[in-house]
Amino acid sequence: IESRNFGVRKHVLEYDDVLNTQRQTIYAQRLQVLEGKDVKDNIVKMIDDTIAHAVHAAIGEHSLISTEMVEQARRPFIGVFLRPEDCTFTPEECDDLTADQLTNILSDQAHKVYEAKEQALGSPIMRELERVVLLRVVDEYWMDHIDAMQELRQGIRLRAYAQTDPVIEYKREGYEMFSQMISAIREETIRRLFVVKVKTQEEVKREKVAKDTFEGGPVG
């Protein structure tokens with residue numbers, strides 16, 4: 001009995017270690033934001049990684065690129081940092097296009113739009129916006145991930161009946177789920193930062209004046 005109880009405790013600790021390792025990674029990122037550190041370099045890397053992932057998903061290992069592949073790579077970013085007419089290519093142009101070139105072209109466009117947004121808002125507001133958006137997205141996806149890991153843990157014990165080690169399966173699937181979450185956090189953070197609208201103090205004042213005037217009735 002004691003040996004069996006030891007085995008159960010050992011498995012519980014191994015399950016907990018998986019989530020604790022993931023938690024340390026997430027909390028390190030949250031702490032960086034909560035301490036008010038500059039996360040722009042992280043955001044720029046997220047932009048580049050998201051674009052590189054989209055291009056690879058569209059082209060894979062193909063050496064010849066088609067207009068359909070280009071369209072698939074562009075599609076996630078239309079309305080984010082691309083207009084429908086941006087970064088399009090004719091079939092002839094695609095003949096001379098490589099995956100690296102397409103990645104660089106999309107990245108250059110994203111950086112240009114992002115820098116224009118920072119110029120419009122000002123660097124202090126942009127840095128704070130990056131922190132707020134990143135923290136919110138991380139918290140949303142992390143809470144969903146904890147629930148998903150709990151469901152995985154409850155169901156993974158059935159794998160023992162299939163003569164597989166449930167702890168090994170839990171670690172493998174937990175890692176895959178964590179990697180997918182990190183990718184989703186990256187993509188959603190970038191999307192929100194590009195599309196979010198920020199009201200300036202002047203706009204807030206104008207809205208307040210308009211609201212007060214409306215609620216107070218006609219003036220005169």
Side-chain angles (χ1 to χ4, degrees), residues 29 32-33 37-142 144 176 178-204 206-207:
Q29 190 169 46
Q32 186 180 24
V33 175
K37 293 183 178 177
D38 189 331
V39 295
K40 182 178 180 180
D41 287 346
N42 296 23
I43 299 299
V44 171
K45 187 175 187 306
M46 285 183 177
I47 293 173
D48 292 340
D49 288 348
T50 299
I51 292 171
H53 182 268
V55 171
H56 181 74
I59 297 174
E61 302 302 324
H62 291 92
S63 56
L64 295 178
I65 297 177
S66 66
T67 55
E68 289 79 10
M69 292 176 185
V70 173
E71 184 57 30
Q72 184 181 338
R74 291 172 67 251
R75 193 175 298 125
F77 309 119
I78 295 175
V80 180
F81 60 79
L82 288 181
R83 297 168 300 178
E85 65 272 20
D86 289 333
C87 303
T88 57
F89 300 90
T90 65
E92 292 74 23
E93 290 171 333
C94 286
D95 289 340
D96 298 323
L97 192 64
T98 67
D100 286 343
Q101 288 173 337
L102 179 58
T103 300
N104 291 335
I105 290 168
L106 292 173
S107 292
D108 288 345
Q109 176 67 13
H111 294 167
K112 183 172 72 173
V113 172
Y114 199 75
E115 289 302 319
K117 184 162 193 169
E118 180 169 334
Q119 290 292 324
L121 294 176
S123 293
I125 293 177
M126 198 66 186
R127 297 292 82 78
E128 186 61 23
L129 182 64
E130 289 166 348
R131 287 189 285 267
V132 169
V133 169
L134 180 58
L135 184 62
R136 184 169 296 175
V137 174
V138 166
D139 285 351
E140 288 175 10
Y141 280 77
W142 174 243
D144 289 343
E176 290 176 0
F178 187 72
S179 297
Q180 290 169 3
M181 181 199 66
I182 293 297
S183 179
I185 286 174
R186 182 181 64 211
E187 293 169 12
E188 182 61 14
T189 298
I190 295 312
R191 188 192 69 80
R192 292 191 192 183
L193 280 170
F194 274 107
V195 305
V196 69
K197 303 294 185 184
V198 180
K199 293 180 180 177
T200 64
Q201 286 297 109
E202 191 61 33
E203 287 173 325
V204 172
R206 285 199 299 270
E207 281 194 2

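Just so you know, residue 1 is the first one in the sequence shown, and it goes up from there.
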Is there a donor-acceptor contact under 3.5 Å from the side chain of T103 to the main chain of A99? yes
When rounded to the nearest 0.5 angstrom, what is the spacing between CD in E140 and CG in L135? 10.0 Å
Is any side-chain heavy atom of R186 closer than 4.5 Å to a side-chain heavy atom of S183? yes
When rounded to the nearest 0.5 angstrom, what distance separates CD1 in I185 from OG1 in T189? 7.0 Å
Residues two or more places apart in sequence or in another chain: which of them pass side-chain hydrogen bond (donor to acceptor under 3.5 Å, both in side chains) with E188? R191, R192
Which heavy atom of D48 sits nearest a heavy atom of S107, and at what distance? OD1-OG, 3.6 Å
From CD1 (I51) to CD1 (I105), nearest 0.5 Å: 11.5 Å
Judged by atom type as modelled, is there a donor-acceptor pair below 3.5 Å linking the side chain of K117 to the main-chain atoms of M126? no
Salt bridge (Lys or Arg N to Asp or Glu O under 4.0 Å) pairs touching residues 88-115, sequence neighbours excluded, are K40-E115
Give me the atom names and distance for the closest heavy-atom approach of M181 to Y141. SD-O, 3.7 Å
Between CZ of R131 and NZ of K37, what distance do you get to the nearest 0.5 Å? 11.5 Å
Verdict with reasoning, L102 to I59, per side-chain contact (heavy atoms from CB on, under 4.5 Å): CA-CA 10 Å; L102 179 58; I59 297 174; 3.9 Å; yes
Identify the heavy atoms of T67 and T90 that sit nearest to each other, and give their distance. CG2-C, 4.0 Å
Considering non-hydrogen atoms only, spot the tightest contact between I65 and L97 and give its length. CD1-O, 3.3 Å
If you measure from CD1 on I182 to CE on M46, what distance do you get to the nearest 0.5 Å? 8.0 Å
Return the CG to CG distance between N42 and D49, rounded to the nearest 0.5 Å. 10.5 Å
Taking C-beta and beyond as the side chain, do V138 and V33 meet within less than 4.5 Å on heavy atoms? no
Which atom pairs, one a donor and one an acceptor, fall under 3.5 Å between side chains of residues 70-83 and the rest of the protein, sequence neighbours left out?
from: E71; atom 1: OE1; to: R74; atom 2: NH1; distance (Å): 2.7
from: R74; atom 1: NE; to: D86; atom 2: O; distance (Å): 2.9
from: R74; atom 1: NE; to: C87; atom 2: O; distance (Å): 3.2
from: R74; atom 1: NH2; to: P84; atom 2: O; distance (Å): 2.6
from: R74; atom 1: NH2; to: D86; atom 2: O; distance (Å): 3.0
from: R83; atom 1: NE; to: D86; atom 2: OD1; distance (Å): 3.4
from: R83; atom 1: NE; to: D86; atom 2: OD2; distance (Å): 3.2
from: R83; atom 1: NH2; to: D86; atom 2: OD1; distance (Å): 3.0

Compare every heavy atom of V196 with every heavy atom of L193, then report the nearest pair and how far apart it is. O-CG1, 3.7 Å
